[in-house]
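Worksheet: one structure, shown below.
Just so it is clear: chains get the letters A, B, ... in the order the sequence lines come, proteins before strands, and each one is counted from 1. Because the structure is predicted, anything quoted here is derived from the model rather than measured.
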Number of protein chains: 2
Amino acid sequence: MRGARLRAAVLEATIARIESVGIEDTRIADIAQMAGIHETSIYRRWKTRPRLLVDALLTHTERSVPVPDTGSVRQDLIDFFTDLAAFVSTPTGAAFVRGTVVSETDPEVEAARREFWTERISKAGVILDRGRSRGEVADGTDPELVLFTLGGLLHIYVTHIGAPLPEATVVNAVDLVLDGMKAGAPSAG
Amino acid sequence: MRGARLRAAVLEATIARIESVGIEDTRIADIAQMAGIHETSIYRRWKTRPRLLVDALLTHTERSVPVPDTGSVRQDLIDFFTDLAAFVSTPTGAAFVRGTVVSETDPEVEAARREFWTERISKAGVILDRGRSRGEVADGTDPELVLFTLGGLLHIYVTHIGAPLPEATVVNAVDLVLDGMKAGAPSAG
DNA sequence: CGGTTATCGCAAGTCGACTTGCGTTAGGAG
DNA sequence: CTCCTAACGCAAGTCGACTTGCGATAACCG
């Protein structure tokens, strides 16, 4: 076992461990044993535990960033953030949100984390763009601000509230933000 | 040195260490030495490092939660969150926001963290209440949702973006949220 | 198919968080 | 002022993250 095969095995073992015992009790010694390789190989390739966790979580989540297109900004935003809320409510999702934060001052993890979110944000940006071309959204609206604001709500729930966040909250938040974005609204921006 | 005096000395040493070498390089052995007490005393009283850090940060920040009252919801919100943004941009502030996240699955820290934020949120809630009684804010508005949404924006910036967040962003975010709250707005709820 | 080399296995060790058992003393109760 | 007990000092040890030096080999290259 070496190279790409080893990497795949370790990543798979990492995800398996996170999902079975939680991210806290995921020892790299256990991962190594489960992957059938030596502990040292992990440290030489990933350097630190946070990096391995982020790499595993990132690789495991890369797929499936469905950006809805229902013809309504409101519905698109609700769908998108309901999906995100669902993901963030799973053990893996919560682990990812919190786990990336744990890294603290690690430049590598910092970069990976930023990349992950900015990618998601920019992809979701088309929701706002389509809405604007449809006349649903005011011209001066900053897509990034809207997305970060909505995303921040989910984020603070996971990291500081701990509560599962009812679906109604997403709808309410979208409406809250949306009514300030509608073309007919008085002073949006 | 014992009891309350010991506690004060340890807390002071902890803050000093955080501010001089950063939260990452703050060893409890160093804190013990700086406070002139033994390492064991810290572990017996605080149990874990995160708990000590949170306690120190919390005690050190307890004061000064100024809730503005300018007569305008918009200005009140801008002032409040600009202050919060400033705090969160300081080393201690960022350490607190991120540090509380580090705690992960510790019930004690979880509780302290929740208490900290809910206290702030509830205190700031009067801003919305005053606004509603003034007719600036729609009746159906959920103060908590608004506060968490705005707070979440700051939070995601600190934890995932890392950027200092320009003052304009606070203003824009307040306007974004506010225009969905105004009594004249169509569907705020 | 033989040679090169980066990658891996293995052992031994560092470092910091955290625990435990026991002796000692501060500091309040009476 | 004396006694009592919870709080502290100290030593020794556990555990997991992370490092390092060296021998072994898998995998690509020719």
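At a cut-off of 3.5 angstrom, counting only N and O atoms as typed in the model, there is no donor on one side facing an acceptor on the other between the side-chain of A/Arg45 and the base of C/dG9.
Closest to the side chain of A/Arg49, out of D/dA17, C/dA17, D/dC10, is D/dA17. In the set C/dA17, C/dG9, D/dA26, the nucleotide with an atom closest to the side chain of A/Arg2 is D/dA26. Proximity note for A/Ser41 (side chain, C-beta onward) versus D/dC10, C/dG9, C/dC18: the nearest is C/dG9.
Between the CZ atom of A/Arg5 and the P atom of D/dA26 there is a distance of 11 Å, given to the nearest Å. If you measure from atom CD1 of A/Ile28 to atom C1' of D/dC15, you get 13 Å, rounded to the nearest angstrom. Look at CD on B/Glu24: it is 14 Å from C1' on D/dA17, rounded to the nearest Å. Between the CD1 atom of B/Ile23 and the P atom of C/dG16 there is a distance of 17 Å, given to the nearest Å. The separation between B/Asp30 atom CG and C/dC18 atom C1' is 16 Å, rounded to whole Å. Put simply, CD1 on B/Ile42 is 12 Å from C1' on C/dC18, counting in whole angstrom units. Following rounding to the nearest Å, B/Ile31 (CD1) and C/dA17 (C1') show an atom-to-atom distance of 12 Å. Distance CZ (B/Arg44) to C1' (C/dG23): 11 Å, rounded to an integer number of Å.
Between B/Gly3 and B/Glu39, the residue whose closest nucleotide on DNA chain C is further toward the 5' end is B/Glu39. Nearest-nucleotide mapping onto DNA chain D: of A/Thr26 and A/Thr40, the residue sitting toward the 5' end is A/Thr26.
Pairing each heavy atom of A/Pro68 with each of A/Phe80, the nearest pair is CG-N, 3.9 Å. Nearest heavy atoms, A/Ser41 versus A/Leu6: CB-CD1, 4.5 Å.
By the rule that hydrophobic residues join a cluster once side-chain heavy atoms approach within less than 4.5 Å of another member, B/Val126 and B/Leu84 end up as members of one cluster.
Each of A/Thr141, A/Thr149, A/Val146, A/Leu145 was compared with B/Asn172 under the side-chain contact (heavy atoms from CB on, under 4.5 Å) criterion, and only A/Leu145 meets it.
Put simply, the side chain of A/Thr169 never gets that close to the backbone of A/Leu165: no donor and acceptor are under 3.5 Å apart.
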